[in-house]
Structures are given as structure tokens and as C-alpha cells.
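Handing you this structure, nothing more for now.
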Amino acid sequence: MNANQKPITTTRLQRLKQKGEKIVSLTAYDATFARLIDEAGVDFILVGDTLGMVVQGLETTLPVTLDDVLYHTRMVRRGVKRALLVADMPFLSYQITPEEALRNAGRLMKEGGADAVKLEGSAYLAETIRRLVEAGIPVMGHVGMQPMRVHQYGGYKLQGQGKSQADKIKKDANAVQDAGAFAIVLEKISRGLAAEITSSLTIPTIGIASGSACDGQILVSYDMLGLADQFNFKFVRRYLNLADDIRKAVKAYSKDIRSGEFPAESESFE
Ligand code: KIV
């Protein structure tokens with residue numbers, strides 16, 4: 001096995017930061033996408049609670065359950081050989097008590113096959129993060145815009161504007177690192193604030209809608225592949241337009257069936 005095939009570990013992500021090499025990540029929700037994304041060489045794959053929006057058709061991530069994330073993590077596990085597999089902890093699966101967080105994070109690892117968990121949250125979760133890390137569960141933090149707080153924010157708004165808000169996010173990021181997280185997602189904060197946090201932390205920062213100074217980047221795969229084209233975000237770069245391709249393919253298939261062109265003799269048996 002050469003170095004490029006070796007499974008990615010949490011410590012490898014930390015070494016990438018030390019070497020100044022960017023960390024690449026995408027979300028996945030099923031075995032087929034996970035296999036393709038893994039084969040293309042990303043460093044970690046997140047089974048995000050965004051599955052609620054792009055797979056389940058929900059308005060927000062709030063109704064996603066632990067069982068939903070478990071179900072998708074098991075599928076993704078079967079497709080991933082090399083990337084680090086991180087499972088998202090859904091709303092209220094870790095905020096009630098550290099014991100409940102430990103039980104639920106444990107399920108994502110034992111039953112789902114995750115290598116690590118991610119949780120949205122700030123300094124108030126330090127004790128919970130410490131508890132998971134002490135039990136041997138690697139934790140990725142997530143500060144800045146936390147989609148679970150959409151109703152509190154009144155929308156998916158840029159966070160950290162003004163000195164006191166920016167200071168709070170810096171404090172949160174530090175608290176998450178001090179509690180033992182191995183990496184942290186910075187979502188929808190200004191590129192200046194993301195740069196400051198990235199240079200002040202020793203753990204890698206993974207940016208989404210937070211500029212290029214972060215140690216790595218993540219996007220929702222359905223957004224960057226142009227599959228969830230009902231969403232249109234400034235921070236997403238679309239590398240494909242799969243939604244259009246799928247509509248075109250289904251129209252062509254329908255036309256071929258209706259005209260009697262499909263299936264041809266070569267596509268059937270004697
Ligand atoms: O749930 C998710 O997909 C996420 C990423 C967008 C960071 O949290």
C-alpha cells in the first residue's frame with residue numbers, strides 16, 4: 001500500500017495543516033457517491049445532517065434524527081476505503097447531557113462505522129467534547145454559522161459581524177480546541193475572521209463560505225455537483241450541472257420508450 005492509499009487519520013489531517021497542505025472534503029450520504037468521492041482522493045467525507053435538506057427534502061436540518069444519520073453513515077461506510085469518515089451529530093442528540101452525547105456518538109462509531117463525529121456548538125459544549133474525547137471519540141467542532149440555530153438567527157446569516165460577535169466566535173473556536181477537538185468547521189464568517197482563527201489555532205480549520213485562508217474546504221456534494229439546483233449559494237462553485245443532465249437523460253429515455261426505440265434488439269435476449 002503506498003502513502004496515497006493509506007487510510008486518512010485525524011493526525012494526518014493535523015499534519016497537513018502543519019505542512020501547509022490544504023485539506024479537501026465533501027459530504028456523502030450513500031455508498032455509490034461515497035465510493036466515487038473516496039476514489040477521487042478527498043481527505044475526509046462527512047455524512048452531514050444536510051442529508052435532511054438534500055436527501056429527505058426537508059426545509060431545515062432540525063428534524064434529522066440520530067437514526068437517520070446512522071442509516072446514512074452505514075451506507076457511506078461501505079463505499080469509503082481511504083478517506084476519514086466523519087458523522088454529524090444531529091440536533092438535540094448531544095446538547096442535553098454529556099452522557100447522552102457519549103451514548104449517541106458511540107452509536108455513530110460502533111453501529112455506523114464512523115471514524116469521528118462532528119458537532120455544531122460553542123464554548124458551552126466544552127465539557128461534552130472533553131467527555132467524548134476522553135472516551136476515545138475524535139470530535140470535529142463547528143462554529144460560526146450553525147444551521148441548527150437558523151430560527152435563532154432569523155435565517156442562514158453571515159456570523160461574526162462586529163467586534164463582540166467576532167470575539168465570541170474566536171473564543172468558541174479556542175474553547176472547542178482546548179476541549180480536545182481535532183479539527184473545526186468554520187461556517188459563513190468573513191474571510192478575515194476565518195484567517196485570524198486559522199492562524200491562532202493549532203488544529204485544522206475547515207471552511208465553508210469562509211474564504212480561502214482556512215486549512216481546508218468542505219462543500220455539500222449535491223451543491224458542488226449541481227444536483228441540488230433548487231439551492232443557489234454565492235459560496236458554492238458548481239463543477240457539474242447534474243440536475244440538468246439528469247432531466248435531459250430522463251427526457252431522452254422517455255422519448256425512446258414512447259417511440260419504440262428502446263429497448264433495441266441488442267438490448268434484449270433471444
Ligand atoms: O451538514 C453538513 O453537511 C455540514 C457541512 C456543510 C459542513 O455541516
Side-chain angles (χ1 to χ4, degrees), residues 13 22-30 33-34 37 42-66 68-73 75-76 80 83-95 104-105 108 112 114 116-122 125 129 138-150 153 156-159 169 172-173 176 181-189 194 197-198 203-211 214-225 227-228 230-238:
L13 296 187
K22 294 285 187 186
I23 295 167
V24 179
S25 173
L26 277 171
T27 64
Y29 313 101
D30 66 53
F33 269 76
I37 290 170
V42 305
D43 297 308
F44 78 88
I45 291 180
L46 172 70
V47 183
D49 60 0
T50 40
L51 69 88
M53 293 163 90
V54 297
V55 180
Q56 297 176 328
L58 296 166
E59 290 287 319
T60 72
T61 59
L62 298 181
V64 173
T65 66
L66 187 78
D68 292 337
V69 179
L70 252 179
Y71 175 72
H72 287 276
T73 304
M75 291 191 267
V76 170
V80 176
L84 184 84
L85 174 52
V86 183
D88 224 355
M89 298 199 71
F91 184 51
L92 292 191
S93 68
Y94 59 93
Q95 293 95 332
N104 289 334
L108 291 173
V117 300
K118 175 173 87 57
L119 46 87
E120 288 175 23
S122 30
L125 285 170
I129 296 173
V139 176
M140 180 177 286
H142 183 153
V143 301
M145 205 277 285
Q146 298 167 36
M148 285 176 196
R149 295 185 181 272
V150 58
Y153 301 144
Y156 297 102
K157 294 180 180 160
L158 181 71
Q159 296 298 304
I169 294 177
D172 286 338
V176 167
F182 71 92
I184 188 165
V185 170
L186 305 180
E187 180 158 358
K188 208 165 185 181
I189 58 176
I197 295 174
T198 299
I203 59 172
T205 60
I206 310 298
I208 174 161
S210 297
C214 299
D215 297 306
Q217 297 290 328
I218 185 164
L219 283 176
V220 169
S221 51
Y222 280 42
D223 292 336
M224 98 28 128
L225 296 171
L227 195 51
Q230 69 272 39
F231 305 115
N232 205 352
F233 303 116
K234 167 187 163 92
F235 59 87
V236 170
R237 185 176 296 176
R238 280 201 187 146

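All ligand and atom numbering here is 1-based and tracks the order in the structure.
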Is there a donor-acceptor pair under 3.5 Å between the side chain of Asn104 and the backbone N or O of Ser93?
yes
Between Tyr222 and Phe33, is the ring centroid distance below 6.0 Å?
yes
Tell me whether Tyr153 contacts the main-chain N or O of Gln146 through its side chain, where contact means a donor paired with an acceptor under 3.5 Å.
yes
Counting only non-hydrogen atoms and a 4.0 Å cut-off, the residues near ligand 1 are Thr27, Leu46, Gly48, Asp49, Thr50, Asp88, Lys118, His142, Ile208, Ile218, Val220
Whether the side chain of Thr61 engages the backbone of Thr50 through a donor-acceptor N/O pair (distance < 3.5 Å, no angle test) should be reported.
no
Which residue is it: Ile218, Val24, Leu84? I am looking for the one with a side chain to side chain contact (heavy atoms under 4.5 Å, CB included) to Asp43.
Val24
Do any N or O atoms from the side chain of Asp88 and from the backbone of Val47 form a donor-acceptor pair under 3.5 angstrom?
no
